[in-house]
Peer 1: 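Can you keep this structure in mind? I'll have questions shortly.
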There are 2 protein chains.
Amino acid sequence: MRMHNPPHPGEIIKALCLEPVGLTVTEAAEGLGVSRKTLSAILNGRSGISPEMAVRLSIAFNTSAESWLSQQVQYDLWHAEQGRKALKVIKLAA
Amino acid sequence: MRMHNPPHPGEIIKALCLEPVGLTVTEAAEGLGVSRKTLSAILNGRSGISPEMAVRLSIAFNTSAESWLSQQVQYDLWHAEQGRKALKVIKLAA
DNA sequence: CATTAGCGTAACCCGAAACGTTACGGATTA
DNA sequence: TAATCCGTAACGTTTCGGGTTACGCTAATG
C-alpha cells in the first residue's frame, strides 16, 4: 500500500496545463468542450477524471490519455485501500 | 491508440483465478464477499472492476489491486478512444 | 428418470458519480 | 463602478455498480 495520499489529478492539470499557458478555467473548459463547473470540480478534486475526460485532455494538451487515467487510478486505489480491512473477503489462493 | 480491442478483465479473472483452482462462480462470489450476480457480470464483461473490487481481488487471490485496475483502465480507455472524433475539443497546447 | 447444483440474466430498487444549466457571492482588475 | 473570473450550491438527467429475487437452461448425480 502506498504510504502517502497521492494528489488528485486535478492539481496536476492545473499546474502542468493551465498555469504554464496562462489559461483560464473558463477558457480551458470551453476548449475541452465541458462546462466550467465540470472542469472546476476536477481541478479542485471533487470529481475524478473519466475515460472520456482523459481523451479530451489528450486532445487539448497533446498528452497521453492513459497517463491521466493512470493517475486517477492511483488516486482511487489509494482511497479504496484505506477501507481494505473493512472488506469481508476470504483468501481463495496462495 | 491501441489497435485491438483489449479483453475485459473478467476474462482474465476467469482464466487466471477461477479455472486453475476449480472455483465455481458461486464459491468465488462468496469468498469475495459480493453477490453471484455481481461477479457474473464482471466475468462476462457486463461490469467493470471498481476500485473496491480490485482490492477484494487482491486479498482473495493475493495479487496486485493495481494490476486489475490497470487492466480495467486499458479496457475503458480503448472504448473511450473509439469516440475520440466525436468530441468537440480544441487544441490548447502544442 | 427425477433431483440437485451451477450458471446467466431479467426485473426491480438503491446510491454514487459525471455532466449540464442556472445563479449567487467573493475577489480581482480595468 | 463595471466587468471578469472563479468556486459552488441547487436542480435534473444518465450511467453504472451492487443487492435481492426469481426464472430457465444445462450437466451431473442418486
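The figures here come from the full heavy-atom set of this structure, side chains too, leaving out hydrogens, waters and symmetry mates. Everything numeric in this text was worked out from a predicted model, so none of it was measured. First the proteins, then the strands, lettered A, B, ... as listed; each starts at 1.
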Peer 1: Does any residue of residues 16-24 of chain B have a heavy atom under 4.0 Å from DNA chain C, and if so, which ones, in number order?
Peer 2: B:Thr24
Peer 1: Provide the full list of side chain to side chain donor-acceptor pair (under 3.5 Å) pairs with a residue in residues 9-19 of chain B, sequence neighbours left out, each pair given once.
Peer 2: B:His8-B:Glu11
Peer 1: Under 3.5 Å, side chain of B:Gln72 to main-chain N/O of B:Ile49, donor-acceptor pair present?
Peer 2: yes
Peer 1: For the backbone of A:Lys37 and the side chain of A:Ser40, can you confirm whether one donor and one acceptor N or O come within less than 3.5 Å of each other?
Peer 2: no
Peer 1: Regarding A:Trp68 and A:Thr63, is there a side-chain donor-to-acceptor distance under 3.5 Å anywhere?
Peer 2: yes
Peer 1: Protein within reach of the bases, or only the backbone? For nucleotides 12-25 of chain D, mark each nucleotide 5' to 3' as B, S or -, using heavy atoms under 4.0 Å.
Peer 2: -----SSBB-B---
Peer 1: Quick check: does any side chain N or O of A:Glu27 sit under 3.5 Å from a backbone N or O of A:Thr24, one acting as donor and the other as acceptor?
Peer 2: yes
Peer 1: In whole angstroms, how far is the C1' atom of C:dG8 from the CG atom of B:Leu43?
Peer 2: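 Rounded to the whole Å, the gap is 11 Å.
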Peer 1: Looking only at non-hydrogen atoms, find the nearest pair between A:Ala60 and A:Leu32 and report the distance.
Peer 2: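 Nearest pair, atom of A:Ala60 first, then A:Leu32: CB-CD2, 3.6 Å.
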Peer 1: Would you confirm whether B:Ser70, through its side chain, and B:Glu66, through its main-chain N or O, come within 3.5 Å as a donor-acceptor pair?
Peer 2: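 It does hold such a pair.
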Peer 1: Does a side-chain N or O of B:Thr26 approach OP1 or OP2 of C:dC7 to a distance below 4.0 Å, or not?
Peer 2: yes
Peer 1: Atom CD of B:Glu30 and atom P of C:dG6: how far apart are they, to the nearest Å?
Peer 2: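 B:Glu30 atom CD is separated from C:dG6 atom P by 9 Å.
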Peer 1: Taking all heavy atoms of A:Ile12 and all of A:Pro7, pick out the closest pair and write down the distance.
Peer 2: CD1-CG, 3.9 Å
